[in-house]
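Because the structure is a prediction, the values reported are computed rather than measured. Per chain, numbering begins at 1; letters A, B, ... match sequence-line order.
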2 protein chains.
Amino acid sequence: MVNNNIIINKLKKEIDAFQIKCRKAGLKVTPQRLVVYKALIETKQHPSAEMVFRRVRKVFHNISLDTVNRTLAILSKIGVASTVEGSGDAKRFDGNLKPHQHFKCIKCKRIIDFYHKPFENVKVPADIGEKFTVLRKTVYFEGICDSCR
Amino acid sequence: MVNNNIIINKLKKEIDAFQIKCRKAGLKVTPQRLVVYKALIETKQHPSAEMVFRRVRKVFHNISLDTVNRTLAILSKIGVASTVEGSGDAKRFDGNLKPHQHFKCIKCKRIIDFYHKPFENVKVPADIGEKFTVLRKTVYFEGICDSCR
DNA sequence: CTCTGTGCAAACACTTTGCAGCTAA
DNA sequence: TTAGCTGCAAAGTGTTTGCACAGAG
């Protein structure tokens with residue numbers, strides 16, 4: 001057991017809520033899960049598993065990439081994180097649960113959040129809504145970012 | 001040189017246009033490119049490279065998966081195909097250039113086209129448009145399809 | 001104490017690259 | 001003829017799986 005007081009300093013409220021969600025889902029609250037969760041909500045980088053891994057390794061030296069991968073999948077499953085849409089490349093994760101949209105630079109792969117109210121609640125066309133269960137609706141832009149052009 | 005009359009039977013118009021686009025881009029029109037292109041526009045399945053490969057192998061027995069991969073990348077580059085947005089999994093390609101949106105089943109990975117006019121021309125918010133060059137705007141739904149639920 | 005979660009290693013899936021021979025233009 | 005393309009093989013990147021041990025509840 002690693003000293004949680006060092007790893008978990010701020011973000012107390014989110015972390016408490018996370019622990020409750022874990023227990024509700026029948027999942028143990030392990031220090032690994034806590035650091036991965038914390039690393040994800042601390043950044044706006046929409047990191048890949050590898051990026052999260054490099055980050056958490058600094059405070060949790062012998063965590064494995066597998067655990068990070070498994071944990072990120074779990075976070076998506078219990079609804080405290082999500083995977084960012086995109087075409088190809090490695091999965092990217094997002095701990096921001098507030099409604100927002102993404103712009104992805106096809107050169108540097110940077111993902112930028114933006115928020116445009118009219119996109120917040122895109123209506124599902126009737127024929128789709130009747131036939132399928134829509135769980136996620138996204139508006140997604142791709143292009144070249146300011147620093148790449 | 002494989003007999004093109006067997007491979008290229010219908011879709012004459014699209015294929016002629018494709019040949020012109022290739023030449024304009026300085027690309028040679030090879031039988032491999034023709035069969036890959038044809039396989040892609042013939043289906044509504046939004047296939048992965050592997051799926052295209054299995055398809056074209058039936059008519060072009062010794063084509064390699066590498067060539068299929070390279071060709072699909074080229075088709076996207078010259079604008080006669082596109083990669084479908086999604087989270088994770090293998091790249092999926094689309095030869096349908098008409099404006100449309102995608103619904104993807106997270107269980108069976110099936111991608112279904114739909115068309116809802118209001119989504120055709122999503123406006124880019126001013127602050128994004130000024131800062132970034134937006135090349136692609138998509139509205140994308142995820143959920144469970146009729147046969148999976 | 002028990003059963004889930006972890007770390008490690010290996011397997012796996014998908015994509016990319018280097019290169020020699022081939023072929024469309 | 002020749003620049004570009006293909007097929008093959010190998011390597012690279014990202015993800016998944018099986019298993020013994022560790023630790024949260």
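Rounded to whole Å, atom C1' of dC21(D) lies 13 Å from atom CG of Asn62(A). Whole-Å rounding puts the Leu27(B) CG to dT23(C) C1' distance at 15 Å. Look at OH on Tyr37(B): it is 18 Å from P on dC5(D), rounded to the nearest Å. Atom CD of Gln32(A) is separated from atom C1' of dA24(D) by 11 Å (rounded to the nearest Å). The nearest whole Å value for the distance from the NZ atom in Lys77(A) to the C1' atom in dG5(C) is 14 Å. When rounded to the nearest whole Å, the span between CG of Asn69(A) and P of dG5(C) equals 16 Å. One atom, CZ of Arg92(B), and another, C1' of dT15(C), lie 16 Å apart when rounded to the nearest Å. Summarising the geometry, the separation between CG on Leu72(A) and P on dG5(C) is reported as 15 Å, rounded to the nearest angstrom.
Aromatic ring centroids of Phe141(A) and Phe114(A) lie under 6.0 Å apart. Remark: aromatic rings of Tyr140(A) and Tyr140(B) are distant, center separation not under 6.0 Å. Remark: aromatic rings of His102(B) and His46(B) are close, center separation under 6.0 Å.
Taking only side-chain nitrogens and oxygens, Arg33(A) never comes nearer than 4.0 Å to OP1 or OP2 of dA24(D). Remark: Thr30(B) is not in phosphate contact with dG4(D), judged by side-chain N or O atoms under 4.0 Å from OP1 or OP2. OP1 or OP2 of dG7(C) sits under 4.0 Å from a side-chain N or O of Ser64(A).
Counting only N and O atoms by type, the side chains of Lys137(A) and Asn121(A) include a donor and acceptor under 3.5 Å apart.
Between the side chain of Asp66(B) and the base of dA9(D), at least one donor-acceptor pair of N or O atoms lies under 3.5 Å.
For Ala90(B), the side-chain atoms get nearest to dC14(C) when compared with the rest of dC14(C), dA3(D), dG14(D). Nearest to the side-chain atoms of Lys91(B) among the listed nucleotides dT15(C), dA24(C), dT6(C) stands dT15(C).
The nearest heavy atom of DNA chain D to Glu50(A) and to Arg70(A) marks one nucleotide each, and the one closer to the 5' end goes with Glu50(A). The residue among Lys28(B) and Ser48(B) whose nearest nucleotide of DNA chain C is located toward the 5' end is Ser48(B).
Looking at Glu85(A) and Lys104(A), no side-chain N of the basic residue comes within less than 4.0 Å of a carboxylate O on the acidic one, giving no salt bridge.
Using a 4.0 Å heavy-atom cutoff across all strands shown, Asp89(A) reaches no nucleic acid atom at all.
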